[in-house]
Amino acid sequence: MNKKINQGVLYMLISSICLSFMSAIAKILSNHLPIIEIVFFRNFIGIILILMTFFKSPLNQSGGKPLLLFFRATVGLIAMLSFFYNIANITLADAVIYSRMSPIFTAIFALWFLREKIGIKGWFAIFIGFVGMLMVMQPNGLIFEKAHIFGLLNAVCAALAFTSIRELRSYYDTRTIVLSFMGIGTIVPIISMFLSAYYQSDFFSFMMGEFIMPNLSDWIYIFAMGLTASLGQVYMTKAYGVTRAGIVGATGYSVIVFSLIIGLILGDALPNILGFIGILAIISGGILIAREKN
């Protein structure tokens, strides 16, 4: 049992390192490529890698929830766009911290939509998480910056996607669920980049931008982004397959530490004292949620 736990923790640490590097590479690419183009390449590479698995293992599913599948794909794309927007505009650690708020929202949505119960520890974890989120945001009164809004949008949409996956797994192969999301995440950016040549919108600026042909170094970064993202997902799946979800979920918060270190190397500033306390509160709340669901 201990061997499986150690193996699961190791797999999740590898996954966290890979996902941290994926986020860092996306941040580097955002210096001269539009966010929407980065999202396109991220999903297009993912589609190719998933389709390759069909040769080894064909799909085996019953289907029957197309609207829910489309909903999951749509909110998943919004979550990714919000995440990549924050990666380009705030510190790497802060962008990742917002994304790690999703388990707390997932617990709430699971209560509403799936009738899953939340114990006293679970509600306490949710409270700690929200307090930590406010400490990280540090809003000026009731005024929230654009990055705060996109951070919340990322967490909420990711939580809705995760909640819907619990239902979809009874009807679809996991690869179909991921492909639907990546398919939308490829088609929408293509349309958006085409329209951006003729129309501009301040409201939709986060998902608009004309296509820029990547140079040689960009192509290397794009390939590395796809590879690290795929490895991150593979090792995350391996981690959940060998030990308890609560242990794996708690270990997953190591991505914040790795992102903070990589962000500092890239030139990000350290969070202030209140921000550090908020980070610890969000991690504590997430770990408590993971243990509650274990």
Side-chain angles (χ1 to χ4, degrees), residues 1-26 46 49-50 53 79 83 87 91-107 110 116 118-119 121-122 124-126 128-129 132-133 136 154-155 158-159 161-163 165-166 169 174-175 177-178 224-265 271 276-294:
M1 184 66 180
N2 289 333
K3 183 179 179 181
K4 287 187 176 181
I5 291 174
N6 293 336
Q7 193 175 35
V9 169
L10 176 62
Y11 285 156
M12 197 61 191
L13 287 173
I14 294 173
S15 171
S16 295
I17 292 172
C18 289
L19 295 177
S20 298
F21 274 109
M22 183 275 293
S23 301
I25 293 167
L49 293 173
I50 290 175
T53 68
F83 179 58
I87 281 178
T91 67
L92 190 65
D94 281 348
V96 172
I97 287 164
Y98 283 123
S99 71
R100 290 294 154 169
M101 281 292 298
S102 59
I104 293 173
F105 287 105
T106 301
E116 291 186 5
I118 301 178
K121 290 182 180 179
F124 180 63
I126 290 171
I128 291 176
M133 182 179 65
V136 170
N154 173 19
F162 293 146
T163 305
I165 287 172
R166 296 186 186 183
R169 280 188 301 190
T174 303
R175 291 170 296 174
I177 300 172
V178 176
M225 179 177 65
L227 180 62
T228 51
S230 299
L231 288 173
Q233 293 298 322
V234 167
Y235 277 99
M236 184 186 298
T237 304
K238 284 178 174 287
Y240 278 103
V242 297
T243 192
R244 296 195 298 269
I247 295 171
V248 173
T251 307
Y253 279 86
S254 61
V255 70
I256 295 176
V257 178
F258 295 131
S259 298
L260 180 61
I261 295 171
I262 295 173
L264 291 174
I265 295 172
F276 264 119
I277 296 173
I279 291 172
L280 293 175
I282 290 173
I283 293 173
S284 300
I287 290 174
L288 284 173
I289 284 288
R291 292 185 63 182
E292 176 79 4
K293 295 296 180 183
N294 190 31

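Quick note: residue numbers are just sequence positions, from 1.
Not counting sequence neighbours, R169 has no partner by the salt bridge (Lys or Arg N to Asp or Glu O under 4.0 Å) test.
Atom CG of L13 sits about 12.5 Å away from atom OH of Y235, to the nearest 0.5 Å. Atom-to-atom distance recorded for S254:OG and I283:CD1 is 9.0 Å, nearest 0.5 angstrom.
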Listed pairs under 3.5 Å, donor-acceptor, residues 224-232 side chains, sequence neighbours left out:
| unit_1 | atom_1 | unit_2 | atom_2 | d |
| --- | --- | --- | --- | --- |
| T228 | OG1 | A224 | O | 2.8 |
| T228 | OG1 | M225 | O | 3.1 |
| S230 | OG | G226 | O | 2.9 |

Identify all side-chain donor-acceptor contacts of residues 92-103 below 3.5 Å with residues at least two apart in sequence or on another chain.
| unit_1 | atom_1 | unit_2 | atom_2 | d |
| --- | --- | --- | --- | --- |
| D94 | OD2 | T91 | OG1 | 3.3 |
| S99 | OG | V96 | O | 2.5 |
| S102 | OG | S99 | O | 3.0 |

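The neighbour count for F105 CZ, taken as heavy atoms of other residues, nucleotides or ligands under 6.0 Å away, is above 12.
F124 has its side chain within reach of I128: a pair of non-hydrogen atoms, C-beta onward, lies under 4.5 Å apart. When side chains are defined from C-beta on, K238 does not count as touching I14, because their heavy atoms never get closer than 4.5 Å.
Of all non-hydrogen atoms in G285 and A125, the two that sit nearest each other are O-CB, 3.4 Å. Across every non-hydrogen atom of I262 and S20, the tightest pair is CD1-CB, 3.7 Å. Closest approach of A107 and I126 over heavy atoms only: CB-CD1, 4.4 Å. Shortest non-hydrogen contact noted between V136 and G278 is CG2-C, 3.9 Å.
A donor-acceptor distance shorter than 3.5 angstrom exists from the side chain of S23 to the backbone of L19, with no hydrogens or angles considered.
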